[in-house]
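Not measured: the values here are computed from a predicted model.
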Amino acid sequence: NQVAARLTVADLVRFGRFPHGKGRLGPDDDRIVDENYAGVSRWHTILAGQLTNLSTPQPFVLLQQPIGDWAAPRPDPERSADHDESTFMFVYGSELLASWARRRGNSSDLARIQRLLTTVKAHYHANFYDNKTGAYRDKLAPQETDGYMPLSQMMALRLGVVAPEKRQALFDFLLQLVRGEQPGPSALYPNHTGWGIVTQRYMYETLSEFGRTDVGLQLLLQSDFPSVGRWVDQGATMPGGPTEYGATTLWETFGNNAR
């Protein structure tokens with residue numbers, strides 16, 4: 001079965017207040033959303049002002065917050081997919097704000113956000129899509145991180161910037177990256193979780209959407225570096241045993257010093 005995971009502001013509020021409302025939104029929840037809408041909307045306007053429009057080699061829109069696919073297991077983990085990931089996160093937040101505006105009946109804000117989304121998504125595709133390979137990459141990334149990353153393909157799929165007839169081909173390219181069959185940082189660790197925490201967040205949903213949960217299970221069942229299984233085994237063999245060090249949640253890195 002395929003499950004579409006598209007969160008709205010209402011979903012987030014419902015989850016955050018579950019101990020109180022048991023998943024059912026009430027008048028107090030709507031009041032909290034309404035009280036904070038103006039502040040969030042102003043912050044969105046500030047972020048939108050950081051979108052950069054470059055005239056060469058073609059119009060370019062991005063929001064550069066240099067975090068990237070954080071803590072991937074390679075020498076320079078933070079310098080990866082800065083431009084496409086920060087743009088993706090801005091679009092994701094904009095879609096949440098649009099759902100908020102729709103819930104409040106704020107048609108003018110909704111129209112403004114939707115126009116911005118249309119523009120940013122179009123420029124995202126124009127500037128990160130590589131016609132030669134039919135895949136996406138951060139063309140402004142430093143030379144040492146040049147190549148294709150699973151995260152770039154998943155972000156394009158989730159943003160809906162890929163033509164419907166090309167979605168399967170892009171997903172197939174993603175699988176090749178996971179297997180180490182295409183150039184890029186993840187080729188260092190084929191069939192392992194050779195990426196950071198942002199890729200880890202979206203990988204399994206994407207695999208499930210395309211009916212390849214078998215690949216997700218293969219990744220999760222690996223026990224050597226880098227893998228989730230190693231987190232568990234590593235914790236179990238550390239001094240003090242699993243009660244003190246065992247991995248009961250996702251750690252920040254895959255290294256020996258991960259906590």
Side-chain angles (χ1 to χ4, degrees), residues 5 65-86 88-89 92 128 133 135-138 141-158 170-259:
Q65 299 287 343
I67 296 178
D69 190 15
W70 183 254
R74 52 183 184 270
D76 197 6
E78 71 276 10
R79 299 181 69 182
S80 57
D82 287 352
H83 304 89
D84 49 349
E85 186 202 343
S86 54
F88 169 77
M89 289 301 179
Y92 180 69
F128 297 128
T133 60
Y136 291 78
R137 67 185 179 94
D138 186 350
Q143 186 65 38
E144 61 268 26
T145 62
D146 192 27
Y148 299 88
M149 288 171 281
L151 179 59
S152 297
Q153 321 317 315
M154 289 189 293
M155 290 187 297
L157 289 168
R158 294 185 67 86
L170 183 61
F171 176 75
D172 292 341
F173 189 91
L174 167 63
L175 287 183
Q176 293 172 20
L177 287 172
V178 171
R179 296 173 182 142
E181 299 168 357
Q182 291 288 349
S186 58
L188 296 172
Y189 307 104
N191 297 309
H192 284 66
T193 52
W195 43 69
I197 58 177
V198 183
T199 301
Q200 188 78 344
R201 160 67 179 83
Y202 292 108
M203 174 61 72
Y204 306 101
E205 289 180 3
T206 305
L207 292 172
S208 178
E209 179 183 350
F210 284 85
R212 294 306 306 267
T213 53
D214 59 311
V215 177
L217 287 173
Q218 180 186 23
L219 292 170
L220 291 171
L221 291 175
Q222 298 286 7
S223 59
D224 54 333
F225 179 86
S227 68
V228 174
R230 185 173 183 272
W231 278 340
V232 178
D233 292 342
Q234 181 183 11
T237 57
M238 281 183 175
T243 57
E244 182 176 357
Y245 293 106
T248 58
T249 186
L250 300 181
W251 289 348
E252 184 176 11
T253 73
F254 288 100
N256 289 328
N257 62 341
R259 294 289 186 272

Item to check | Side chain proximity check, F171 to R212, heavy atoms < 4.5 angstrom | outcome: yes
Next on the checklist: Any heavy-atom pair between the side chains of Q182 and F173 that's under 4.5 Å?
Outcome noted: yes
Next on the checklist: If the condition is side chain to side chain donor-acceptor pair (under 3.5 Å), which residues does T193 pass it with, not counting sequence neighbours?
Outcome noted: none
Item to check | Sequence-distant partners of N191, side chain to side chain contact (heavy atoms under 4.5 Å, CB included), two or more places apart | outcome: R179, Q218, Q222
Checklist entry - Looking at CD1 of I197 and CG of L151, how far apart are the two atoms once the value is rounded to the nearest 0.5 Å? => result 11.0 Å
Checklist entry - Which residue, L174, L220, V198, V215, forms the side-chain contact (heavy atoms from CB on, under 4.5 Å) with M203? => result L174
Item to check | Check against side chain to side chain contact (heavy atoms under 4.5 Å, CB included), Y136 and M155 | outcome: CA-CA 9 Å; Y136 291 78; M155 290 187 297; over 6 Å; no
Next on the checklist: Please check: side-chain N/O of T206 versus main-chain N/O of Y202, any donor-acceptor pairing under 3.5 Å?
Outcome noted: yes
Checklist outcome for this item: Hits for salt bridge (Lys or Arg N to Asp or Glu O under 4.0 Å) against D224, two or more places apart or cross-chain, chain-then-number order -> none
Next on the checklist: Which residues pass the side chain to side chain contact (heavy atoms under 4.5 Å, CB included) test with S223, not counting sequence neighbours?
Outcome noted: D233
Item to check | M154 CE to Y204 OH distance, which is reported to the nearest 0.5 Å | outcome: 9.5 Å
Checklist entry - Yes or no on side chain to side chain contact (heavy atoms under 4.5 Å, CB included) for Q200 and W195, after CA distance, side-chain angles and deciding distance? => result CA-CA 7 Å; Q200 188 78 344; W195 43 69; 3.0 Å; yes
Item to check | Flag, side chain of Q153 to backbone of M149, donor-acceptor distance under 3.5 Å | outcome: yes
Next on the checklist: Quick one: does any side-chain atom of S227 pair with a main-chain N or O of R230 as donor and acceptor, under 3.5 Å?
Outcome noted: yes
Next on the checklist: If you compare all heavy atoms of A156 against all heavy atoms of L170, which two are closest, and at what distance to 0.1 Å?
Outcome noted: CB-CD2, 4.1 Å
Checklist entry - To the nearest 0.5 Å, how far apart are CD in Q176 and OH in Y148? => result 11.5 Å
Checklist entry - In Å and rounded to the nearest 0.5 Å, what is the CG to CD distance from L175 to E181? => result 9.0 Å
Checklist entry - Hey, what do you get for CG (L207) to CG (L217), rounding to the nearest 0.5 Å? => result 9.5 Å
Next on the checklist: Restricting to non-hydrogen atoms, name the atom on P190 and the atom on A187 that form the minimum distance, rounded to 0.1 Å.
Outcome noted: CD-O, 3.4 Å
Next on the checklist: Assess the residue pair F210 and L157 against the criterion (side chain to side chain contact (heavy atoms under 4.5 Å, CB included)); give the C-alpha distance rounded to whole Å, side-chain angles, the decisive distance to 0.1 Å, and a yes or no.
Outcome noted: CA-CA 11 Å; F210 284 85; L157 289 168; 4.1 Å; yes
